[in-house]
Structures are given as C-alpha cells and as structure tokens.
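Just so you know, residue 1 is the first one in the sequence shown, and it goes up from there. Note that ligands are numbered from 1 as they come in the structure, with each ligand's atoms numbered from 1 the same way.
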Amino acid sequence: MLKIVVCVSGGGTNLQAIIDGIENQSIKNVCIVGIISNNKNAYALERGRLYGINSVCVSPKDFDGRQNFNKAFLEKVMEMSPDLIVLAGFLVAIPKEMVEAYPNKIINIHPSLIPSFCGVGYYGLKVHEAVLNRGVKITGATVHFVDEGTDTGTIIIQKAVLVEPNDTAEILQKRVMEQAEWIILPKAINMIATGELDLS
Ligand code: GRF
C-alpha cells in the first residue's frame, strides 16, 4: 500500500479527484494518510475531513520566520510518514530540507504544458491569463517530480487542452482542470502505486 500525504492551499478539486480515484479503484493500493494545508480556510481541508482523513493546517503565518515554518512543516510530514508527497494546488515553496528528505518522492500538478508558462510567479489563474495574453492555441497540465527549482523537476505525464476563442482565464482554468488535471494527477499516482513508474 502506497501511503501519500496531499498538500493543498485552496478548493481541493485535485484532492477530490484523488479521493474519488481511490474510491472507484482507478487508483490502486493507495491510502491518503494525511492532508496538509498552509491555509486554514482551504475548502480542501473540509473535503478531507468529510472522508475522515487526518487534515491539518500548518501555516507560515503562525511561525516566526520561514525557517521555523519549514521545520514544523517537515516534522508534520514525517509524523504522517508518507511514501509519496503530492502537491495538489499547494502554493508554498517546498523547503530544500524536504526535497532532500524525500528525493524523487514529491510530485506536483502544474496547470500548463511545462516548460511553457511555469516558474516563479506562475500559479493559479495567472498561468491561464498568461496563456490567453500570449495567444497560444494549445495549453494543458503537467505532473512532475519536485526538485529544488520551481516547476523544473522531471516530467511524469502531460495532457493537452485546446484554447477556445471566447475563453476567459476562469473558463480556461476550469477546462484544464476537467480535461487534464483531474485525469493526469490520479493517473501519475496510480503509475507509482502499481510500479509502472519506479521512484528509486
Ligand atoms: C490547480 O489548477 C492546480 O494546477 C494549481 O492550483 C489549482 C488548484 O486547484 N496549482 P484545486 O485546489 O485542486 O481545486
């Protein structure tokens, strides 16, 4: 059984896709041992609690300095003792110590086709606004391993999504979630859980 911790900051639709995948067995041999959010008001925490999953907030706002937050965040993750850490709409930079403690065991979903529209400052709606401003015709989402850079880790899986003429950033964001993110993140987790993708 692959034990995962899911880190979230917002509504948690990607988390819900993972929970649903475990429930309907499209994700095999996986158990969510904990959910961590930096935002105590994140609806994602509520989603976890509805399924009886240990769901907690560890927020930088509650600590004196980033180092203290990083230490507490890493301690909480280690306490949950995961085999894999999944960043599902998590908007906090992952501490270097956590990347070192979990080499090739942290994955992230990013709402663009990396290396386009990624890196520092590219998150949430900002990604889709940049896609529309540049006028590209195809976008999508990417699941990748997390290294010490921002969106620079090895790519695991990508899925393309067409940009439609009357798209707004909000409309495009929803379509990228529905047609790409909620499909490729559960798929990547299942690939790891079934050994199709080796973590070592
Ligand atoms: C998703 O688009 C994800 O790719 C991005 O933040 C959004 C989070 O959505 N990093 P949700 O909280 O999973 O609904």
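Against a heavy-atom cut-off of under 4.0 Å, Ile109 is close to the following atoms of ligand 1: 4 (O), 10 (N). Heavy-atom proximity to Met177, at under 4.0 Å, picks out these atoms of ligand 1: 1 (C), 2 (O), 7 (C), 9 (O), 14 (O).
Close N/O approach between Gln173 and ligand 1 is not found [any backbone or side-chain N/O within under 3.5 Å]. Between His128 and ligand 1, no pair of N/O atoms sits closer than 3.5 Å. Checking only distances, His110 never comes within under 3.5 Å of ligand 1, N or O to N or O.
Heavy atoms of other residues, nucleotides or ligands lying less than 6.0 angstrom from CZ of Arg49 number more than 12. The 12-atom threshold is not exceeded at CD of Gln67, counting heavy atoms of other residues, nucleotides or ligands nearer than 6.0 Å. Atom NZ of Lys3 sits in a crowded spot, with more than 12 heavy atoms from other residues, nucleotides or ligands closer than 6.0 Å.
Of the candidates Thr13, Val176, Val8, it is Thr13 that places a heavy atom closest to atom 11 (P) of ligand 1. Considering Gly11, Ser112, Gly89 only, the shortest heavy-atom separation from atom 8 (C) of ligand 1 involves Gly89.
Counting only heavy atoms of the protein, atom 2 (O) of ligand 1 lies nearest to Glu181 OE2, 3.0 Å.
Taken from CG in Leu185 to OG1 in Thr13, the straight-line distance is 10.0 Å, to the nearest 0.5 Å. For the atom pair Leu87 CG and Ile36 CD1, the distance stands at 10.5 Å (nearest 0.5 Å).
For Ala141 against Val176, the heavy-atom pair with the smallest separation is CB-CG1, 4.1 Å.
Counting only heavy atoms from C-beta outward, the side chains of Phe73 and Pro95 approach each other to under 4.5 Å.
Contact analysis puts Gly12 in contact with ligand 1, with a non-hydrogen atom separation below 4.0 angstrom.
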